[in-house]
Amino acid sequence: MDHSSALAALLARVEETRAQVGSAWPYHADPETGLWETVEDGDWCGGHWVECLRIAGRILGRPDLTEEARARTEALRPKLEKDDQFRGHRFYYSAARLHAETGDPALRTLALAAAYAVRSMAIPQNGAMPIGHEVQVKSTTLASRRIVAVDNVHPNLRLDFWAAAETGDPVFREGAMRHLDVTARDFIRPDGSTIEFIEYHQSDDRILRAFTLLGASDDSCWSRGQAWAIAGYLRGWQEFGEPRYRDAARRLFGYWQGKCGTRVPAWDFDDPQGPPDTSASAIVVEQLARMAVDSDNSEALEFLGALDPMLEALCGHLHPTGRLVDGCFNQPRQFANRSELIWGSAYLLMALCYLEEGRVVC
């Protein structure tokens, strides 16, 4: 499927999804029927649905979709008070991007409030960004201010990158860099694979335990965690220009490519015969597409060579009706482990939108 056809199919699926879910929030869909399981509050990925509506509203010339994106952003406002790492995703993909598109100052205020709130979560002794006391993911039951996930270089730092440019306040640049540095130190193994979770001591900068919930074992490498890390370090390098973040991304991406090349990976690299996870590939593809249209760094070419073959492989899992199937939410719990996942579809939609329009909103 070519890029334009894939984009058109995904946009049609946004409209179909909206008609199907009503005021609820799409979460994961049956790969055969396309019927969505919904949640009432968006769970951790509500911002991704807002982003789908924003993109569709602009490309299709549908102001009603843009207004729904704005209304759903307001519906997320109560989550501003939740001590949850995913506020970064919720309010970057809603308030920050809608502000960039519409110029609405109220949306900027909301995004900045979220940015400062998320930044305040940092563990004092090392600057790591934790999952939070009230982290919301329906498929897991873990919450703490001392537990950090490899994911956190992505959701926790989205608003840092935006707010650093928006305000010039050094707290965002310095805070993001502290977290990137401690993650590189503690989460990336010598072979370039990653640990999923680390629990730190209450007051000392030392590790109490390293473990997984979504991977095959504590010593394995969960592919979506690897994807968050790849995308996070590439974005950190893109924003800050620090070679150590490029080097971290190189190690992480090298491990990925050594395991699956440009194909969609299995849910865990230690279980290559297990379910694939298209959402993991979509996360990496979105960041590569961002770099393709929003970076003039010639060094990025070493990564961008993977974009077209990864995108082609990913679109091989895209149903003609716009359903990106073969997403694996939570294999250990057999939860939506062969499904259409709202965030996987959102990242593929973002990537194709960047390439179509030749720009990134913010």
Short side-chain donor-acceptor distance under 3.5 Å, Tyr354 and Glu286: yes
Would you say the rings of Phe253 and Tyr233 are close, in the sense that their centroids are separated by under 6.0 Å? no
Considering the options Phe269, Trp222, Phe303, which one meets the ring-ring contact (aromatic ring centres under 6.0 Å, His included) requirement together with Trp256? Phe269
Please report whether the ring centroid of Tyr93 lies less than 6.0 Å from that of Trp343. no
Just wondering, more than 12 heavy atoms not from Glu302 lying within 6.0 Å of its CD? yes
Look at the side chain of Arg146 and the backbone N and O of His201, then say whether any donor-acceptor pair between them is shorter than 3.5 Å. no
Between NE2 of His154 and CE of Met129, what distance do you get to the nearest 0.5 Å? 14.5 Å
Find out whether Tyr116 and Asp169 are in side-chain contact, i.e. whether some heavy atom of one side chain is under 4.5 Å from a heavy atom of the other. yes
Would you call Arg70 and Glu74 a salt bridge, taking side-chain N to carboxylate O under 4.0 Å as the test? no
Lys82 bridged to Asp41 by N-O distance under 4.0 Å: no
Would you call Asp64-Arg18 a salt bridge at under 4.0 Å N-O? yes
How about Glu32: does its CD atom have over 12 heavy atoms from other parts shown lying under 6.0 Å from it? no
I'd like to know if the side chain of Gln331 reaches the main chain of Ala216, judged simply by a donor and an acceptor atom lying under 3.5 Å from each other, with no hydrogens or angles considered. no
Hey, are Asp84 and Arg87 close enough for a salt bridge, meaning a charged N less than 4.0 Å from a carboxylate O? no
Taking C-beta and beyond as the side chain, do Phe172 and Phe161 meet within less than 4.5 Å on heavy atoms? no
Once rounded to the nearest 0.5 Å, what's the spacing between atom CZ of Arg263 and atom CG of Leu314? 14.0 Å
State whether Asp181 and Arg244 are salt-bridged, where the test is any N-O pair (Lys NZ or Arg NE/NH1/NH2 against Asp/Glu carboxylate O) under 4.0 Å. yes
Would you say that Ser4 contacts Glu356 through its side chain, given a criterion of any heavy-atom pair below 4.5 Å between the two side chains? yes
Taking atom CG of Asn337 and atom CZ of Phe329, what is their separation to the nearest 0.5 Å? 11.5 Å
Plane angle bin for Trp44 and Trp228 - parallel if under 30°, tilted between 30 and 60°, otherwise perpendicular: perpendicular
Say whether Tyr27 and Asp43, considering side chains only, have a donor N or O and an acceptor N or O under 3.5 Å apart. yes
Go through the side-chain N and O atoms of Asp268 and Ser220 and say whether any donor and acceptor fall under 3.5 Å apart. yes
Has the side chain of Glu242 got a donor or acceptor atom that lies under 3.5 Å from a matching backbone atom of Met177? no
Using modelled atom types only, decide if a donor and an acceptor are shared between the side chain of Ser223 and the backbone of Ala266 within a distance under 3.5 Å. yes
Short N-O contact, Arg62 and Glu15, less than 4.0 angstrom: yes
Answer yes or no: is there a donor N or O on one side and an acceptor on the other, between the side chain of Ser193 and the main chain of Arg189, under 3.5 Å? no
